[in-house]
Enquirer: 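Structure in structure tokens, see below.
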Amino acid sequence: MMELLAQVEYGPLAVKPYSTEWLIGLIVTFLLAAGAAIGLSKVPANFRRPIVSIGTFLCGLIYVLYWLWPRPVNLKPDQVPNGMVEQVGKGLSDTLPLLADVANILTSFLLGLGVYSLARIHFGKIIKRQSDRGFSWVLIVSATMISVFGFVDYILRSQDKAGKLVDRENWGFFNVGQDIMFDGLLLQMDSVMFSLIAFFILSAAYRAFRIRSVESTVMMASALVLMLSLLSPIMFQWNTMIAQMAKGMNIPNADPSIPYPGGFFHNLQISDWANWVKGNLQTPALRAVDFGILLGALAMGLRLWLGLEKGGVSV
Amino acid sequence: MPWTPQQLNVIDAVKITGGVACTIGLYSILYKETKLFRFFEHVFLGLAAGYMVVAMYKESLYPQWIQRMTGQMDDAGNVTQPAMFLYVVLLPIGLLGYTVFSRKHNWMSRIPIGIILGLWAGQQLLNYWDTASPGIYSSMQPIIPTTWSSFVEPDKFGLTPDQIKALNQQIYPSQAINNLIFVIAILSSLSYFIYSFDTKNRAMSTFNRIGRWTLMIGFGAIFGSTVMARFALVIDRMYYIWVEWIQALQKAFGQ
Amino acid sequence: MIKEKLLNIDRRILYGLLILVTVIPLRCDQKLNNITDDYSNAFYEAVSNIPEGKTVFIESDWTTSTRGENSGHLEALLRILMAKKTKFAIFSVGDAQAPGVFRGVLLRLMEERKTLGLPAYQPFEDYVDLGYFANAEGTLQAIGGDVRKVFEKKSIRDAEGKQRSAFDSPVLSNVKSVGDVPMYIVVTASNTIDRAIERLSAKTTLACMCTGVIGPSALPYFQSGQLKGVAIGLKGVFDIEYLMANGLNLETKESVKWSKQPDKTAQPITVGKTLDRGNRYFLSFMCAILLLIATVVTGNVMMFVARAQSKPQGDEA
């Protein structure tokens with residue numbers, strides 16, 4: 001199985017494009033797969049869960065085997081693996097890009113579900129003549145426009161063998177339209193949506209960032225130190241002042257022009273406080289959170305892989 | 001016929017003006033939710049959904065699926081990539097996802113999802129080890145000083161690389177204290193997440209409280225960093241409106 | 001009356017103030033002083049000292065939604081690489097919109113080079129644009145396994161716009177595995193840096209340029225050595241630009257002095273632009289931070305004042 005998957009690009013399953021054998025292979029494979037899918041729809045209810053679980057398990061198993069199986073060391077791309085162990089190891093390693101493709105392609109198909117749902121909701125609103133159906137029209141028209149302009153732009157660029165469209169001067173109506181809709185509107189609105197949060201943070205900080213308990217005080221102090229440290233031109237002046245003071249007290253290496261205070265005077269720099277907080281308190285706190293997340297992902301991964309996740313694959 | 005530079009400037013001005021209109025329309029939510037905001041909100045959703053379809057096709061489905069299934073030939077008709085018809089299997093599997101809308105067959109939508117989840121789940125063993133092990137290793141910091149020649153680490157300016165290397169190998173008392181704080185911080189933060197057994201005894205609850213404070217300090221620092229991120233986006237928007245737009249208009253329509 | 005108003009400032013006044021304090025300083029184009037962060041110094045030192053003739057991988061996973069930070073990151077990074085004539089392969093695994101955005105940055109930098117009279121950085125010869133790969137997890141796992149298998153099917157355009165195989169390019173011809181790449185740099189606005197660390201940190205040297213939101217979660221990886229350097233948010237942009245202009249641990253007066261690692265040095269960039277977006281935005285950023293601090297302080301002071309006033313009333317009751 002591994003060898004078959006790994007060598008699919010170079011074996012009998014890879015043929016000349018648009019040849020008769022390709023067409024026959026394509027049709028037969030599609031009919032077989034579609035037949036299998038139709039056959040699956042007739043499967044009794046008690047077999048459904050095992051089918052999904054086995055599929056999930058086999059897909060995960062390839063990665064687990066890749067992790068556990070010994071791999072040939074320093075094997076060059078054109079070198080033939082030596083013995084069964086090396087062959088399987090190389091086969092597993094060669095299979096990873098194929099698996100990435102499979103996941104990408106299936107993800108792309110499934111993303112279509114989101115678009116379909118969105119279209120269903122908004123066409124539903126228009127058909128039912130709801131009061132806010134005007135906005136649904138706006139959504140559908142803008143989605144259609146960018147799709148049409150985007151696809152035409154893509155086709156024009158694919159057919160542009162001479163590379164004329166690399167220069168903007170040679171763009172046509174659809175290239176310009178796509179650029180206006182994508183770069184001029186979509187990307188800018190994307191940015192606006194994210195930037196709105198800044199306004200809400202400011203308002204929320206004013207209303208909710210209050211000294212009410214030890215925890216909130218600790219949190220606010222840490223946030224203030226970090227925010228002050230971000231004001232680096234001001235911190236530069238502050239550090240210069242500290243370094244001047246240190247130089248006045250003949251501290252070795254103190255140099256206000258860098259500014260570098262040297263010795264104990266380092267501890268008076270707010271940027272150093274922030275670094276200390278980040279290095280000794282923020283990093284361990286976040287690492288602890290990360291360990292928790294990783295353990296959770298590992299546990300969830302095992303549950304999904306072994307079919308123990310009731311919600312995930314119960315059918 | 002190619003566009004003239006002046007025509008391109010006008011196109012740029014139109015494009016940026018559109019962006020500015022969208023920016024102001026979406027910012028109108030800051031005053032209150034208006035029809036203007038809802039209009040631009042729906043334009044945004046429509047453009048995002050429409051573009052996703054195009055992007056998924058041209059960046060993923062075409063190069064990774066269709067092109068491999070049909071193969072590739074250069075202009076001279078030589079095969080540069082053989083056709084792998086087996087890729088067509090993914091079409092019925094992918095379409096099974098759409099059975100989610102069928103009451104009778106919706107269980108089949110779990111097959112493509114199961115494949116994706118299986119592939120994800122299999123990677124977690126590798127990921128855990130590759131990610132966590134350097135973190136665990138670097139958390140085991142030395143807490144006993146190796147030298148008492150100075151309480152704090154001496155200045156390194158003016159030293160040779162060998163002298164710096166020798167200094168870096170020593171643990172000074174101030175570093176040992178910092179390392180101890182680091183170790184306590186990480187252990188106490190971890191202990192805060194222990195829910196498997198009773199942690200009501202005094203020592204454990206004190207340790208937990210330290211963990212909670214450490215986490216609060218961490219979250220405070222995250223707040224500061226998040227604020228930086230969001231403010232940077234507002235500044236960029238203001239730059240877009242007040243500098244880029246005005247410049248584009250000036251270029252297109254003269255001073 | 002004033003107390004009442006300060007205790008309950010209308011949110012729209014705060015919003016208006018934020019717009020004012022960010023707009024006004026934008027017109028001021030002054031070179032600012034800076035205290036650079038350790039992780040920014042480490043990043044600049046690592047990128048500046050990439051061996052000649054090697055190819056760098058750039059995973060650009062951001063869109064215009066975070067242009068304020070990531071655009072500055074990518075511009076600074078590309079300027080360093082172009083000044084040092086380092087070849088690079090750029091691609092995205094995080095967002096289908098991302099290639100459109102990094103292509104915009106590349107286009108802008110090419111225009112800039114043309115205006116400054118610098119030689120053009122040619123696609124295919126000096127860099128390759130590999131576009132988008134969906135499914136970050138699977139793609140990165142595969143890149144770690146066999147990078148040639150992942151990239152070889154991507155046909156790219158050369159300087160004349162002709163379609164060629166990615167590995168025909170001199171940029172990728174010497175890359176047999178991801179370990180051959182001296183540095184894999186992730187410019188991101190999302191957790192794709194975690195995905196890269198999980199799958200690639202044992203195989204190559206990673207560095208990261210990320211938004212302020214992602215930055216704190218990247219720092220533990222810097223501490224553990226899984227990331228060679230990190231540039232975080234707008235401060236990261238400002239740091240890198242400042243280091244590009246002044247250099248690191250050099251004998252010159254302007255050079256940044258990194259007291260923790262005085263033996264690590266990096267030359268300034270002498271070709272093309274250095275200070276740009278980071279320096280330009282930073283004054284506005286400082287004003288916005290000061291406004292935030294002022295509002296938090298006001299909120300707390302007024303809360304204590306109100307509490308002090310309500311206490312005697314409570315006692316009487």
Side-chain angles (χ1 to χ4, degrees), chain A residues 13-14 17 22 25-26 29-30 33-34 37 41 48 52 55-56 59-60 63-64 67 101 103-106 108-110 135 138-139 142-143 146-147 150 154 169 180 184 186 188-189 192 194-195 197-198 215 218-219 222-223 226-227 253 280-282 284-285 288 292 294 298 301 304-305 315, chain B residues 2-3 15 18-19 22-23 26 42-44 46-47 49-50 54 56 58 60-61 64-65 71 82-86 88-90 92 94 97 107 110 112 114-115 117-119 121-124 126 128 132 155 157 181-182 185-186 189-190 214-218 220-221 223-224 230 233-234 237:
Chain A
L13 300 171
W22 171 77
L26 194 77
T29 314
F30 177 75
S41 66
R48 291 174 181 174
V52 179
T56 308
C59 290
Y63 279 105
V64 176
W67 188 52
D101 275 357
N104 290 351
I105 295 159
L106 291 180
S108 303
F109 276 120
L110 294 181
F135 295 120
V138 170
L139 185 140
S142 31
I146 199 168
S147 307
Y154 174 60
E169 298 92 76
I180 289 178
L186 174 61
Q188 306 313 325
M189 286 199 271
V192 176
F194 275 81
S195 71
I197 301 167
E215 281 83 0
V218 165
M219 186 172 154
S222 146
L226 196 108
M227 285 193 288
N253 287 335
N280 294 294
L281 296 168
Q282 183 193 326
L294 280 167
L298 181 68
L304 286 170
W305 180 46
V315 280
Chain B
W3 300 98
K15 186 171 107 176
C22 292
T23 305
L26 289 178
H42 282 79
V43 171
F44 172 60
L47 290 178
V54 181
M56 271 303 155
K58 72 175 186 184
S60 182
L61 280 180
Q64 290 178 307
W65 184 52
M84 291 175 278
F85 56 78
L86 215 60
V88 78
V89 164
L90 295 172
W107 72 273
R110 292 167 198 267
I115 291 172
L117 285 179
L119 294 174
Q123 294 171 23
Q124 296 314 307
L126 291 84
Y128 181 78
D155 283 338
F157 276 131
I181 291 170
F182 187 99
I186 196 163
S189 302
L190 278 171
T214 309
L215 286 168
M216 285 299 152
I217 291 170
F223 175 82
R230 299 307 175 199
L233 302 184
V234 175
R237 282 300 84 203

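Lettering of chains follows the sequences in order, A, B, ..., and the numbering in each one begins at 1.
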Enquirer: Report yes if the side chains of Ile146(A) and Val54(B) come closer than 4.5 Å at any heavy-atom pair, otherwise no.
Expert: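 Ile146(A) vs Val54(B): side chains apart.
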Enquirer: Side chain from CB out, backbone as N, CA, C, O: work out which of these in Tyr154(A) comes under 4.5 Å of a heavy atom of chain B, or both, or neither.
Expert: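 Side chain of Tyr154(A) only, per the 4.5 Å heavy-atom cut-off to chain B.
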Enquirer: With a 4.5 Å heavy-atom cut-off, do Arg48(A) and Arg110(B) have their side chains touching?
Expert: no
Enquirer: Quick check for you: among Pro92(B), Gly71(B), Gly97(B), which has the greatest number of heavy-atom pairs under 4.5 Å with chain A?
Expert: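 Most heavy-atom pairs under 4.5 Å with chain A: Pro92(B).
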Enquirer: Is Phe194(A) close to Arg230(B) at the side-chain level, that is, under 4.5 Å between some pair of heavy atoms?
Expert: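 Result yes, sub-4.5 Å side-chain heavy-atom pair found.
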Enquirer: Can you tell me how far CD1 of Ile115(B) sits from CG of Leu110(A), rounded to the nearest 0.5 angstrom?
Expert: 9.5 Å
Enquirer: Can you measure from CD1 (Ile217(B)) to CD (Glu215(A)) and round to the nearest 0.5 angstrom?
Expert: 10.5 Å
Enquirer: Keeping the roles fixed (side chain from Ser222(A), backbone from Ala221(B)), state whether a donor-acceptor pair exists under 3.5 Å.
Expert: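 Side chain of Ser222(A) to backbone of Ala221(B), a donor-acceptor pair under 3.5 Å: yes, one is there.
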Enquirer: Side chains of Cys22(B) and Gln188(A): does their closest heavy-atom pair fall under 4.5 Å?
Expert: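 No - every pair of side-chain heavy atoms lies 4.5 Å or more apart.
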Enquirer: What part of Leu226(A) lies closer than 4.5 angstrom to a heavy atom of chain B: side chain, backbone, both or neither?
Expert: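 The answer is the side chain of Leu226(A).
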Enquirer: Hey, are the side chains of Val52(A) and Trp107(B) touching, using non-hydrogen atoms and a 4.5 Å cut-off?
Expert: yes
Enquirer: So which part of Phe44(B) gets closer than 4.5 Å to some heavy atom of chain A, the side chain, the backbone, both or neither?
Expert: both
Enquirer: Contact between Met56(B) and Phe109(A) at the side-chain level, heavy atoms closer than 4.5 Å - yes or no?
Expert: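 No, too far: nothing below the 4.5 Å cut-off.
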Enquirer: Can you tell me how far apart CG (Leu139(A)) and CG (Leu47(B)) are? Round to the nearest 0.5 Å.
Expert: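 Result: 9.0 Å between the selected atoms.
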